[in-house]
Number of protein chains: 2
Amino acid sequence: MKKSRHPTVLTISELAGVSPSTVSRALNDDARISQEVRAKVQRIAKEQGYTPNALARSLVSRTSGVVGLVLGNLSNPFYAELAEIIHARIAPMGKRLMLLHIGGEQLDMESMQTVFQYQMDGCIVTSASMSSKVAEICERYRLPMVMINRVAQLHSCAVSCHNYDGGYWIADALLAAGHRKLAAVGGRPNTSTSQNREAGFLECMSQRGVEPWARYCGHSTYDGGYKAGCELLAAAEHPDGIFAINDIMALGVLDAAREFGIKVPDEISVVGFDDIRAASWAGYNLTTIAQPVEAMVERSLDLLFARMSDPTLAGEEHYIRGEFRIRGTARLGSELVLAGREARRE
Amino acid sequence: MKKSRHPTVLTISELAGVSPSTVSRALNDDARISQEVRAKVQRIAKEQGYTPNALARSLVSRTSGVVGLVLGNLSNPFYAELAEIIHARIAPMGKRLMLLHIGGEQLDMESMQTVFQYQMDGCIVTSASMSSKVAEICERYRLPMVMINRVAQLHSCAVSCHNYDGGYWIADALLAAGHRKLAAVGGRPNTSTSQNREAGFLECMSQRGVEPWARYCGHSTYDGGYKAGCELLAAAEHPDGIFAINDIMALGVLDAAREFGIKVPDEISVVGFDDIRAASWAGYNLTTIAQPVEAMVERSLDLLFARMSDPTLAGEEHYIRGEFRIRGTARLGSELVLAGREARRE
DNA sequence: CTGAAAGCGCTTACAG
DNA sequence: CTGAAAGCGCTTACAG
């Protein structure tokens with residue numbers, strides 16, 4: 001008798017009096033195996049507490065059932081929510097998630113190595129400054145990958161919110177409500193999300209012939225937003241509206257306004273982007289544009305799975321429209337917000 | 001010539017004119033292989049862009065280099081921060097993290113199955129209502145595992161903050177500052193974290209002969225905290241101090257107070273627990289006890305790695321003292337806070 | 001419907 | 001210092 005390890009196909013085959021091949025087939029519900037044998041094998045497997053060794057199976061089947069995940073900075077709750085939804089959606093599809101990276105810094109090559117070492121089936125990248133080099137690697141090795149909340153590089157797949165439109169829409173709604181001194185607080189400058197949202201915002205202002213009051217960089221963090229807010233509000237004359245390109249910075253701006261005793265939205269309107277949970281907290285009640293996270297994840301997984309079955313498929317870029325969440329931090333005529341819907345598409 | 005797949009040890013061995021065994025040894029820096037051969041093999045491997053197949057290696061070495069991770073509810077930023085730190089600490093140790101579960105709900109058996117399917121080396125569990133059944137499984141299969149922020153079950157390892165002491169300490173400091181109408185807002189009732197913090201808080205009050213003003217359940221969420229705050233403050237006579245057993249609920253309580261126009265800390269003191277990032281936001285400036293997350297993770301990994309090399313090691317429970325963060329939401333005489341340090345240990 | 005054989009890519013005693 | 005052989009646990013053509 002073997003040293004008592006976990007049971008293997010061999011163990012089961014001996015117990016059932018059939019060959020290992022048959023055990024394998026029976027366990028994988030191969031239609032060719034007779035009902036009786038199949039039932040018997042499955043019963044014995046269950047009795048023995050048999051668990052298939054995914055490593056061995058992957059080695060031969062050349063598909064590991066593992067998908068790599070690159071997560072952005074979790075201190076922005078948006079990415080935490082995204083992670084939760086990705087996991088919830090992908091688990092029922094029989095795939096496992098392996099964490100490649102968490103955080104704001106550059107993704108290193110070593111993490112990408114593990115993708116190949118562990119023979120991952122694909123890769124999901126949420127933000128994180130991804131050098132085009134990584135996209136290139138995935139391309140070269142035909143590794144299916146999709147980026148969420150990030151613009152496509154090379155021929156990869158990417159799913160985002162209509163960021164440009166969102167920014168445009170916000171400017172439109174603020175201008176229509178009479179604001180004329182509008183400031184923008186951008187995020188990390190090298191991120192497409194930040195760039196596009198701000199570009200849409202500025203473009204709309206430019207079309208309406210309104211000069212931007214000021215532009216700040218808030219580095220996509222609460223602290224950055226707070227600091228930007230303080231500087232904007234400390235001046236003798238302050239803007240009458242601020243667009244922070246993400247919610248976490250908008251919360252900082254709101255706290256700055258609170259600090260300066262400036263009434264929101266009477267003296268100043270503040271609008272964010274993302275609709276993180278904290279945006280709807282009673283203490284903030286932030287007007288913002290909600291990213292359609294569920295839809296974005298669903299679309300991303302569709303793209304990814306399609307490429308896992310057919311790696312020759314070309315990359316696709318998808319944009320999904322966000323939804324205005326009108327709360328208490330901005331003066332916007334509701335009919336004007338509707339007009340905003342006509343903002344030009346990306 | 002083989003179909004052009006990724007290079008394997010065989011490819012390299014042919015190119016280098018040595019046996020596969022030698023390639024394997026050279027690549028793993030086996031001291032017995034001569035300098036020249038080793039250098040040559042490594043050079044060729046690099047030239048060919050060789051990446052070892054971790055699956056094949058794991059199959060024979062019986063250690064996969066993968067650690068399973070069970071994450072609590074990421075909508076509580078505490079768990080997001082924890083995840084980030086765990087990843088940052090474990091990656092340099094050459095282990096990979098596979099996501100088993102994210103969220104507040106019960107961990108299902110299926111997720112645990114994958115631990116064995118993928119031959120994981122160990123498992124890290126952060127909160128999440130873990131049935132004792134899961135602990136039992138790890139025990140039975142000798143799977144090294146450590147729980148963070150969670151009390152030990154059976155003989156498993158567990159690392160937490162001194163939760164009981166923290167609660168005691170807070171009550172002590174509030175009472176010493178003259179509060180007499182103290183309410184507690186608990187989290188999900190079945191979590192040890194919530195139970196212990198509240199128990200310490202109540203025990204101290206009892207020792208001082210002060211009756212608790214009220215006890216609420218806030219389900220460990222912002223909304224729950226906000227609701228609890230509203231109910232406590234809507235009454236004709238309201239408490240003069242509230243201890244929310246975690247920060248995310250304390251923020252809800254603070255927003256409720258703001259809503260009711262009740263001055264913090266003049267009319268009411270509010271204290272939380274965890275020291276999540278939002279606790280130090282200008283809009284809250286919450287007095288709380290910081291969990292020593294870095295230290296907790298470090299200790300947890302020590303325990304885990306020790307058991308990965310020697311699975312027979314017994315379980316250990318560790319408690320690490322938190323740190324009072326005195327900010328703006330509570331009246332506490334600083335000398336009294338120091339006295340609080342003497343609160344009894346768990 | 002079932003089995004014997006080969007093989008996925010690596011490592012590791014066992015020889016020499 | 002190096003190689004031939006066996007094996008990790010599974011699946012999958014190939015026969016029958």
Side-chain angles (χ1 to χ4, degrees), chain A residues 2-42 44-45 48-66 113-114 116-121, chain B residues 2-42 44-45 48-66 113-114 116-121:
Chain A
K2 303 184 55 167
K3 284 192 238 93
S4 87
R5 286 201 174 287
H6 301 191
T8 71
V9 273
L10 193 64
T11 326
I12 309 296
S13 80
E14 284 166 358
L15 257 30
V18 296
S19 74
S21 323
T22 302
V23 170
S24 172
R25 294 188 184 108
L27 258 23
N28 291 313
D29 262 328
D30 190 314
R32 296 175 305 183
I33 303 296
S34 71
Q35 286 296 343
E36 307 119 87
V37 174
R38 228 191 309 174
K40 185 178 180 191
V41 168
Q42 288 176 356
I44 295 183
Q48 298 293 315
Y50 170 76
T51 309
N53 184 326
L55 266 26
R57 182 196 305 225
S58 306
L59 192 57
V60 32
S61 69
R62 319 201 70 91
T63 148
S64 62
V66 176
Q113 282 295 83
T114 72
F116 302 110
Q117 289 179 270
Y118 284 92
Q119 311 285 107
M120 302 196 193
D121 297 341
Chain B
K2 302 185 57 172
K3 283 194 236 92
S4 86
R5 286 203 174 287
H6 302 192
T8 70
V9 273
L10 193 64
T11 326
I12 309 297
S13 80
E14 284 165 357
L15 258 30
V18 295
S19 75
S21 323
T22 301
V23 170
S24 171
R25 292 189 186 108
L27 258 22
N28 291 311
D29 262 327
D30 190 313
R32 296 175 304 182
I33 303 297
S34 71
Q35 286 296 343
E36 307 118 86
V37 174
R38 228 188 312 173
K40 184 178 181 192
V41 168
Q42 289 177 356
I44 296 182
Q48 299 293 314
Y50 170 76
T51 309
N53 184 326
L55 266 27
R57 183 195 304 226
S58 305
L59 192 56
V60 33
S61 68
R62 319 202 70 91
T63 148
S64 62
V66 176
Q113 282 294 84
T114 74
F116 301 111
Q117 288 178 255
Y118 284 92
Q119 311 285 108
M120 301 193 193
D121 296 341

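Proteins get letters first, then strands, A, B, ... in listed order; numbering begins at 1 in each.
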Output the distance between atom CD1 (Ile44(B)) and atom OH (Tyr50(B)), rounded to the nearest 0.5 Å. 13.5 Å
Could you tell me the separation between the CZ atom of Arg38(A) and the CG atom of Leu27(A), rounded to the nearest 0.5 Å? 11.0 Å
Distance in angstrom units between Ile33(B) CD1 and dT12(C) P, rounded: 13 Å
At less than 4.0 Å, is any side-chain N or O atom of Asn53(A) found next to OP1 or OP2 of dC8(D)? Yes or no. no
Please report the C-alpha distance between Asn53(B) and Tyr118(A) in whole Å, then the side-chain angles of each, then the deciding distance to 0.1 Å, and finally whether the side chain to side chain contact (heavy atoms under 4.5 Å, CB included) criterion is met. CA-CA 6 Å; Asn53(B) 184 326; Tyr118(A) 284 92; over 6 Å; no
Side chain of Ser24(B) only, please: which of dG9(D), dT11(C), dT2(C) is the nearest? dT11(C)
Checking Asp30(B) side chain against Ala26(B) main chain: does a donor-acceptor pair fall under 3.5 Å? no
Hey, is the main chain of Val18(A) close enough, under 3.5 Å, to the side chain of Thr22(A) for a donor-acceptor pair? no
Dot-bracket encoding per residue of DNA chain C, Watson-Crick/G-U cut-off under 3.5 Å, | denoting interstrand: |||.||||||||.|||
For a quick test of reading the model: is some side-chain N or O of Tyr118(A) closer than 4.0 Å to OP1 or OP2 of dG9(C)? no
Round to the nearest Å and state the distance from Asp30(A) atom CG to dT2(C) atom C1'. 11 Å
Mapping Ser34(A) and Leu59(A) onto DNA chain C by nearest heavy atom, which one lands closer to the 5' end? Ser34(A)
Measure CD/Glu36(B) against P/dC1(D) and give the value in whole Å, please. 9 Å
Rounded to whole angstrom units, what separation is found between the NE2 atom of His6(A) and the P atom of dC10(D)? 12 Å
Would you say the side-chain atoms of Ser24(B) and Ser21(B) include a donor-acceptor pair closer than 3.5 Å? no
Measure CG/Leu55(A) against P/dG9(D) and give the value in whole Å, please. 11 Å
Please tell me if Ser19(B) has a side-chain N or O lying less than 4.0 Å from either OP1 or OP2 of dG3(D). yes
Do the side chain of Ser13(B) and the main chain of Val23(B) share a donor and acceptor less than 3.5 angstrom apart? no
Is Asp121(A) reaching over with its side chain to a backbone N or O of Thr63(A), donor-acceptor style, under 3.5 angstrom? no
Please tell me which of the listed nucleotides, dT11(D), dT12(C), dT2(C), lies nearest to the side chain of Val60(B)? dT12(C)
Between Leu27(A) and Val37(B), name the one whose nearest nucleotide on DNA chain D is closer to the 5' end. Val37(B)
Rounded to the nearest angstrom, tell me the gap between atom CZ in Arg38(B) and atom P in dC1(D). 9 Å
Starting from P on dA4(D), measure out to CD on Glu14(B) and report it in whole angstrom. 13 Å
Would you say the side-chain atoms of Ser61(B) pair up with the backbone N or O of Arg57(B), donor to acceptor, closer than 3.5 Å? yes
Would the distance check show the side chain of Ser64(A) and the main-chain N or O of Ser58(A) forming a donor-acceptor pair, the cut-off being under 3.5 Å? no
Can you tell me the distance, in whole Å, between the CG atom of Leu10(A) and the C1' atom of dC10(D)? 11 Å
For nucleotides 13-16 of chain C, which of its nitrogen or oxygen atoms have a protein nitrogen or oxygen under 3.5 Å away, and what is each distance?
| from | atom 1 | to | atom 2 | distance (Å) |
| --- | --- | --- | --- | --- |
| dA13(C) | N6 | Arg25(B) | NH2 | 2.3 |

Winner on side-chain proximity to Arg62(A), out of dC10(C), dG9(D), dC8(C), is dC8(C)
N/O (side chain, Thr22(A)) to phosphate O (OP1/OP2, dG3(C)) under 4.0 Å: yes
